[in-house]
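One structure below.
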Amino acid sequence: MASTYYWIGGNSGSWTTPTNWSLSSGGAPATSYPLANDAVIFDNGQVTDVIFNVTGTSNILGFSDFKVINNTQLTLINTIAVSKNTFYINTSSTAYFEMVQSGSSLSLKSNTNTNFCLGADGLIGGPKLVFNGPIKCILQNGINTSNGPTLSSTQDSIIFNSLFYIGPAVSNTGINPVGNKFRFTSNGIYQIDKDGGIFLFAKWESGSLIKITGTINNYPTYWNGFYPAGYLLGGLEINTTNAVAPAITTIDIPQGVIFQNNINIQSLGNSGGIRLASSPDITVNGNLSLNQGLLSLAGSSTLAGSVLVKGNVNTLSGSTLDLQGSDAASTLKVQGDISIGGTLTVTGASTSSEFQCNGNVSQNLSVTGTVSGNTSLNVNNPNSVIALTNITLPNASNALLKLTSGHLNVLQNNKFVLIQNSVSGAIVGGSVSSHIIGSLKRVSADASADYFFPVSDNGSDLAAVNIRPASASSTSWTAEFIRSNPNNTSGFPTGISAIVSYRWDIARTGADAASINLKYSSITGNSVTDPNNTHILRWDSGLWTSLGGTNDNAGGITSVNNPINGFGSFSFGAYSIPSPILSATPLSNFGSVCVGSVSATQSFQVSG
């Protein structure tokens, strides 16, 4: 007849010793120990080690109930070599059975190559086992290895509301389960505190966490199960301070999965780092953080990859975030704030990898570390990106600034953008709806090309500048548009009747001369009424100097008096030819006649 047994054996003892058991809580010793169909309760509130060397035909015991309650910290220890030690709830009821109460814990420890199995092989249907306190598998193969434990194939049959801990183990191989055997609730944690290990196939609720802590030579790379697109995971945390694997490890996160919470890389030790996948297709609804080590997003030579982070991206000094370790394109799309304190780079030969500001609300961008390699920045946020620091893009031939949607505002915090790539096409895009608000710096090295500066001091106007260097010597240029011109009422050069109320400040580092083209057509209230008689002016020692002007028929004026060797503030002036002053007295003698005005003279040859 089935009975209910309570442990009274104190801090340690053997399962098969009858006097360690009672038929009531804290009661008199029993004359037997729990066997199949009995109920088992540990409620002494102590740290308790129990030797669980139960032998039999298959070493499988099915209990009617099994509970660890009342703050009891129970460890079941196997010390004999058998194929496996399995215990499970053998009722056909589909009720929830709380096996470990909150505040209590259950550890399964094998000192041999034997697995502890929680749940019977091939069990279809039956109870749902609930762990509200931690359960730990120590010194064994763990869960879902090739030798078991297979638990139950019932959907959501093992429910973790706390920690499920896998410690040092013998085997790392896995099997693909049928259905979600496991469910990790919002407080559920799956901790792999061993070298190697596997990722469980489970139902992961928002707030659940996969935590990797034990890696030395091998990061877990095997993902149990089959993951359709859109499959939900919780969060991922890696803190492997003892890792020493010299080569980078691809942990092969399945394509199309969605992390509902954060990916947090705290430490990768002295390892060569990790790669999320060869060609990732991963969504992170939370944040992506990298505190130490090398994190590579992708590594395919042919297949493009993409990681979308809906929260913030933050990297610390000393860390390296690698967008692509091979040839294919890789894109990191970020919808929250971006803070690069370490190195952001492309270590592979990819020429089209980028990090993209992809939000729908204003984003902050901070780079206190380094951006290197062929790493491009794509501004693709209709509500703009605000630079908290200077933004310096790499000196690499495929490191581009892409202006797709929205503005990059460096003016708000008095910063600048520096494009070190000296290829004239290093800026892609640039329009009224997407430009630089504030100061833009570029390096030139091509005398046959125009260097485009899509700048303004606001989000409504575009006051673009084109600079054509006179030589191919490396020169750094800075352009900024300012909607004020305190000198537009004085210092007029000859022929200039009016000066507009805005200006461009253009600076040069180096000795190269240039011609310039200034665009007015997308400036609100530009005051340019006759582009055929508009000159470019330069403020020089208290006076304006005319550089002449040619209408480019594309909303801009190009300087005529080239090359320009002096730089500073530039503006537009209206050039006018006054009407000639003619004599009222009839001329009797003909020859050379000079017709002049205050601002211009014209000579005509008259004969009669």
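What you see below is based on every heavy atom in this structure, not just the backbone, and it leaves out hydrogens, waters and symmetry mates. All values reported here derive from a predicted model rather than from experimental measurement. Start at 1 with the first residue, then count along the sequence.
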Assess the pair Phe572 and Trp504: is the distance between their ring centroids shorter than 6.0 Å? yes

Counterpart residues, side-chain hydrogen bond (donor to acceptor under 3.5 Å, both in side chains), relative to Asp252 (two or more places apart): none

Side chains of Asn485 and Ser571: any donor to acceptor distance under 3.5 Å? yes

Mutual orientation of the aromatic rings belonging to Phe567 and Phe570 [parallel < 30°, tilted 30-60°, perpendicular > 60°]: tilted

Is there a donor-acceptor contact under 3.5 Å linking the side chains of Glu354 and Thr331? no

Strictly by modelled atom types, are Ser497 and Tyr575 linked by a side-chain donor-acceptor pair under 3.5 Å? no

Would you say Gln255 and Ser279 are linked by a side-chain donor-acceptor pair, where the criterion is simply a distance under 3.5 Å? yes

Return the set of residues passing salt bridge (Lys or Arg N to Asp or Glu O under 4.0 Å) with Asp540 (not counting sequence neighbours), or none when no residue passes. Arg538

Checking side-chain polar atoms at under 3.5 Å, does Asn553 have a donor or acceptor matched by the opposite partner on Asn551? yes

According to side-chain contact (heavy atoms from CB on, under 4.5 Å), who are the partners of Asn526, at least two apart in sequence or on a separate chain? Tyr502, Tyr520, Ile523, Val528

Give a yes-or-no answer on whether the side chains of Asp322 and Ser296 include a donor-acceptor pair shorter than 3.5 Å. yes

Does one side chain, of Asn378 or Thr404, offer a donor that lies under 3.5 Å from an acceptor on the other? yes

No-hydrogen, no-angle side-chain donor-acceptor test under 3.5 Å, Asn285 and Gln260: no

What are the two closest heavy atoms between Asp450 and Ser424, and how far apart are they? O-CB, 3.7 Å

Side chains of Ser289 and Asn314, donor plus acceptor under 3.5 Å: no

Does the side chain of Asn517 come under 3.5 Å of the side chain of Thr558 through a donor N or O and an acceptor N or O? yes

CG/Asp552: more than 12 non-hydrogen atoms of other groups inside 6.0 Å: yes

Assess, by modelled atom type and distance only, whether the side chains of Ser384 and Asn409 contain a donor and an acceptor separated by less than 3.5 Å. no

Would you say the side chains of Ser501 and Asn488 form a donor-acceptor pair under 3.5 Å? no

Judged by modelled atom types alone, do Ser431 and Ser433 share a side-chain donor-acceptor pair under 3.5 Å? yes

Between Asn380 and Gln356: side-chain donor-acceptor atoms closer than 3.5 Å: yes

Distance col, row Ile482:CD1 vs Ser569:OG, nearest 0.5 angstrom, shows 6.5 Å

Under a plain distance cut-off of 3.5 Å, with no hydrogens placed, do Gln266 and Asn239 share a side-chain donor-acceptor pair? yes

Check whether the side chains of Asp337 and Gln363 place a donor and an acceptor atom closer than 3.5 Å, and report yes or no. no

Leu518 side, atom CG; Ile557 side, atom CD1 - distance, nearest 0.5 Å: 8.5 Å

When you compare the side chains of Ser476 and Thr509, does any donor N or O come within less than 3.5 Å of an acceptor on the partner? no

